[in-house]
Amino acid sequence: MNRTSPMMEQYKKIKEQHPDKLLMFQVGDFYELFFGDAELGAREMEIALTSRGIDNENPIPLAGVPIHAADTYLNKLLAKGFKVVICDQVENSSQATGLVRREITRILTPGTITDPEMLDEGRNNYLMVILRSQEEKYGLAALDISTGDFRVTEFKGDDSYDLILDEIRRLQPSEILCSSSDLEKSLRTTLNAFNSALIETLPVIPDIKETEELIKKHWNNNIWEALSLDSYPLAASAGAAALIYLELLQQLPPAVNHFHNIELYFSKKNMIIDSITNRNLELTQSLRTGGRQGSLLGLSDRCMTGMGRRLLKRWIDQPLLDKSQIEERFDAVEELVGKPIPRKNLRKKLDDIFDLERFCSRLTYQRINARDLVALKNTIRLIRPLKDILSELNAPKLKNINVNLPPFEDLALKIESALVSDPPMTIKEGGLFREGYHEEVDRLNKLSSDSGNLLLEYEQNERRRTGIKTLKVGYNRNFGYFMEITKTNLNYVPPDYNRKQTLVNAERFTTEYLQQMEEQVTGARDKLAQLEYKLFEELRNHVLSFAEDLLDAAYQVALLDVIQGLAETAENHHYCRPEFSENREMIIKQARHPVVEQLACERFVPNDLIMNNRHFLLLITGPNMAGKSTYIRSAALIAIMAQIGSFVPAESALMPLFDRVFARVGASDDLSSGHSTFMVEMQETAVILKEATIDSLVILDEIGRGTSTYDGMSIARGVIEYICNKVKAKTLFSTHYHELTRLEGELSGVRNYTMAVKEKGKEVIFLRQIVPGKADKSYGINVARLAGVPPEVLFRAEAYLFELELAASTAAEQQLSLLPMVSEPLSDHRFELELIEQIREIDLNRLTPLEAMQKLFELQNRLLADDNKLDIDKEGK
Ligand code: ADP
Ligand code: MG
């Protein structure tokens with residue numbers, strides 16, 4: 001027999017419309033998932049899978065989550081890239097005749113979340129649309145509906161696909177929609193490991209006419225001409241496709257002004273930082289943990305608000321190219337560095353400011369309650385004191401913020417006079433408005449409170465009349481008002497009481513009077529709830545008319561927050577204000593690595609850096625762990641920080657304005673992408689050779705490491721020659737191929753530097769000091785010793801090294817001597833091996849503790865004697 005319950009019929013109808021999403025279907029206090037959704041949902045949310053009822057003779061798989069805890073589960077699903085349809089009961093089950101009406105109330109996808117509980121405060125949540133034309137041009141739209149940020153751009157030319165990848169890496173969208181399944185497939189394969197975005201093909205792509213209509217309708221008629229979108233049809237279509245997608249999800253903002261601006265942006269205005277550079281320099285993410293801690297962003301972030309945090313990340317992702325803009329930021333930071341008291345006061349106020357930007361988004365989506373409005377009022381009440389502090393400051397950028405930040409005093413007053421200071425979460429049950437705000441609200445309120453008094457009076461009277469002293473008037477949701485009488489007093493109950501409910505020790509009754517009261521009170525309460533809801537909507541719409549101004553204010557606050565944060569970091573870590581040179585000169589005195597200096601356990605040793613048109617490629621040798629990578633990265637970080645507008649970790653810094661900064665690291669283990677490490681290394685290097693200019697800064701850390709020595713060294717040499725002869729970019733090249741140092745003198749532009757080390761016996765001490773010249777040996781074995789590699793391995797290694805060295809010196813042709821000199825003659829180790837042999841032969845079971853001590857004493861003495869002999873040998877030489 002084929003039987004499907006009416007509710008299942010209803011379920012199936014709704015599910016049919018959204019086969020690709022998980023449907024959460026309200027049944028009472030639960031959201032339930034059925035059939036395949038239940039199986040998938042149970043697995044992904046880690047909840048129990050059960051079954052309920054029968055459908056076509058089969059049990060129906062079921063998984064459910066309580067509604068009050070649904071957010072946690074929704075987060076899990078969205079974070080895993082699922083889309084979820086929420087279907088709610090839209091009428092009270094007690095009012096419904098037959099089946100309860102249910103409707104889709106929300107469609108949630110990772111890229112369209114507005115609920116602040118589900119969002120990371122520190123970063124934008126982008127939905128991205130990517131269109132590819134037949135001519136391999138790309139259009140891109142990125143929008144954050146939780147903040148109203150909406151931007152479009154276009155890429156053409158050979159490297160457009162790479163630029164798209166860089167944009168994805170930079171904006172980290174949580175959802176990407178592509179124009180074709182081909183594009184979807186290639187993005188999936190290129191992005192796989194480091195990106196968890198949901199990638200899909202667009203359901204609809206508008207043609208150009210439709211695009212123009214949509215964009216004009218959503219913003220205004222002028223926008224098309226104002227942005228010359230005729231010339232950027234792909235960018236415009238990507239934007240329009242995003243709007244269509246939102247509409248399909250019922251997520252198109254009801255208020256047109258939500259995306260208050262559509263920004264046509266080009267990365268040309270900003271310094272491009274490709275994703276590999278971002279990763280290698282750990283600009284926004286630590287390589288080790290993947291989090292922001294340990295990255296430049298984590299270090300610089302002293303922002304007090306989420307808005308500031310998000311803006312800072314955008315700044316770091318896109319350093320400036322325009323000197324005057326940078327200097328403007330410096331001026332503002334400098335003033336706040338020099339004025340700790342206003343800075344501290346600003347920080348205190350900013351700390352209490354809530355996320356105005358995300359509030360505006362929820363406001364336009366009408367997802368705010370009275371509490372949010374009270375929070376808004378508290379926040380705008382802080383603007384006046386912010387302005388007071390700003391008015392004492394002189395930097396043009398800070399003055400500008402003051403000018404552009406209205407105090408919204410009337411709005412605050414309006415909200416304050418309307419709402420109680422601690423309104424309930426729900427806006428449908430009254431209790432929102434202050435006394436004196438609205439006459440009818442006051443009257444209805446009085447009615448309920450009066451009835452309270454009347455009931456008290458009634459209780460007194462009834463006690464007197466019946467003689468039952470413990471008689472009580474009570475209220476509960478199911479039965480309304482009742483009279484409660486304990487079992488011992490039941491004999492005295494008058495006949496006009498009607499029994500309603502029996503408890504263990506008491507019975508509950510009702511009377512005609514109580515019923516009358518109840519009708520009056522519930523009537524008043526219902527009326528009040530309805531009226532207050534209506535008044536709340538009016539108030540919300542009033543606030544909505546300020547949405548655009550509030551969003552502008554949010555930006556000004558974010559700006560202020562970023563600037564004060566940079567000032568705070570600059571002062572705490574003793575940074576300096578950089579200067580820009582006109583002649584491509586770079587002179588940094590006492591440069592430090594901003595992150596390593598905070599994390600390192602030893603004292604950080606600062607170093608100078610000098611480059612100019614004559615010496616622009618520094619070749620840095622030195623043993624492993626000496627500090628080469630740290631040194632060259634600190635130069636790149638200082639350059640980037642400067643162009644963000646931040647002060648830098650140095651005593652003084654003069655540098656050119658760089659057009660790009662590149663950072664490549666040899667043989668980074670990129671197993672995830674499936675390329676061999678060497679292949680990756682070469683692809684990455686090739687990009688630099690093509691794109692770097694004389695105005696770029698290039699960091700190459702042990703390029704050539706990923707292949708055999710001869711190969712690696714030859715490639716490294718080729719790269720250096722090319723940069724010196726053709727590109728002439730400022731380059732810091734670290735290498736463990738000391739043989740490359742002979743290029744100094746052969747190639748103009750190259751200068752040798754090395755990280756100084758000191759030897760003490762077999763120990764090597766890293767001085768962390770950069771000095772002109774070259775390292776003459778690799779100290780690899782010394783470093784291995786430091787790292788605790790077992791002595792036997794070290795001895796074997798040294799023996800091999802010795803043999804290799806012998807072979808090399810006898811080889812007829814020694815163009816590039818690959819093998820560094822060994823410092824100690826091999827014979828030394830015979831003695832140590834002998835000691836080890838002795839230790840091995842000791843039979844501990846037969847030794848008394850005293851004998852053991854003696855043995856140890858003897859061994860140590862022999863060792864010490866030998867050390868002395870070595871030292872004397874050295875001095876004698
Ligand atoms: P290399 O690239 O030469 O192998 P690294 O730059 O990776 O060496 O440095 C190794 C470690 O030495 C770093 O992790 C850091 O802790 C420390 N270090 C590097 N440079 C300095 C410095 N200037 N002052 C103090 N410690 C440093
Ligand atoms: Mg290194």
Side-chain angles (χ1 to χ4, degrees), residues 276-277 279-282 286-289 293-296 298-299 573-575 588-610 618-638 648-651 653 662-670 677 681 684-685 698-706 712-713 716 719 731-738 740-741 752-759 763-789 820:
I276 303 157
T277 302
R279 193 158 37 127
N280 287 333
L281 294 177
E282 301 182 282
S286 144
L287 272 178
R288 205 171 320 167
T289 64
Q293 195 134 36
S295 69
L296 178 67
L299 177 98
H573 300 326
H574 310 287
Y575 290 176
I588 303 180
K589 293 244 165 75
Q590 302 290 287
R592 285 124 52 198
H593 187 296
V595 179
V596 175
E597 84 165 328
Q598 297 305 320
L599 299 180
C601 5
E602 53 189 306
R603 197 183 63 83
F604 194 88
V605 182
N607 274 303
D608 294 349
L609 178 111
I610 300 177
L618 307 189
L619 190 66
I620 296 153
T621 46
N624 270 322
M625 287 300 288
K628 302 181 298 296
S629 301
T630 308
Y631 176 68
I632 62 180
R633 278 176 177 72
S634 60
L637 285 168
I638 286 176
V648 300
E651 211 173 87
F662 296 90
R664 296 293 182 269
V665 177
S668 59
D669 284 320
D670 197 355
T677 51
E681 192 179 320
E684 292 179 3
T685 310
V698 176
I699 304 296
L700 295 171
D701 195 355
E702 310 226 12
I703 288 300
R705 191 167 62 175
M713 197 155 44
V719 169
T731 305
L732 288 156
F733 196 112
S734 86
T735 181
H736 61 280
Y737 300 131
H738 330 115
L740 290 172
T741 53
N752 289 336
Y753 281 90
T754 180
M755 297 303 297
V757 292
K758 204 167 86 182
E759 270 178 279
E763 302 271 306
V764 3
I765 298 172
F766 298 122
L767 301 179
R768 313 282 185 218
Q769 202 79 54
I770 190 103
V771 291
K774 52 187 183 170
D776 45 354
K777 52 187 246 183
S778 78
Y779 301 92
I781 294 175
N782 310 55
V783 175
R785 179 172 294 120
L786 261 186
V789 171

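Whatever order the structure lists them in is the order used to number ligands and atoms, beginning at 1. Basis for what follows: all heavy atoms, side chains included, without hydrogens, waters or symmetry-related copies.
- Although no hydrogens or angles enter the test, the distance criterion places no donor-acceptor pair under 3.5 Å between the side chain of N752 and the main chain of K774.
- Side-chain contact, H574 with E651: no donor N or O sits under 3.5 Å from an acceptor N or O.
- Residue V605 has at least one nitrogen or oxygen atom sitting less than 3.5 Å from a nitrogen or oxygen atom of ligand 1, judged on distance alone.
- A donor-acceptor contact closer than 3.5 angstrom links the side chains of T277 and R664.
- Of the N or O atoms in G627, one or more lie within a sub-3.5 Å distance of an N or O in ligand 1.
- Distance screen at 4.0 Å: atom 1 (P) of ligand 1 has a protein heavy-atom neighbour inside the cut-off.
- N607 and Q590 form no side-chain donor-acceptor contact under 3.5 Å, judged by distance and modelled atom types alone.
- Remark: distances from the non-hydrogen atoms of R603 to ligand 1 include one below 4.0 Å.
- Residues passing the salt bridge (Lys or Arg N to Asp or Glu O under 4.0 Å) test with E282: none are found, sequence neighbours excluded.
- Below 3.5 Å of separation, one finds no N or O of Y631 facing any N or O of ligand 1.
- At least one heavy atom of A626 sits closer than 4.0 Å to an atom of ligand 1.
- Note on the Mg ion (ligand 2): protein N, O or S atoms under 2.8 Å away count 1, no waters included.
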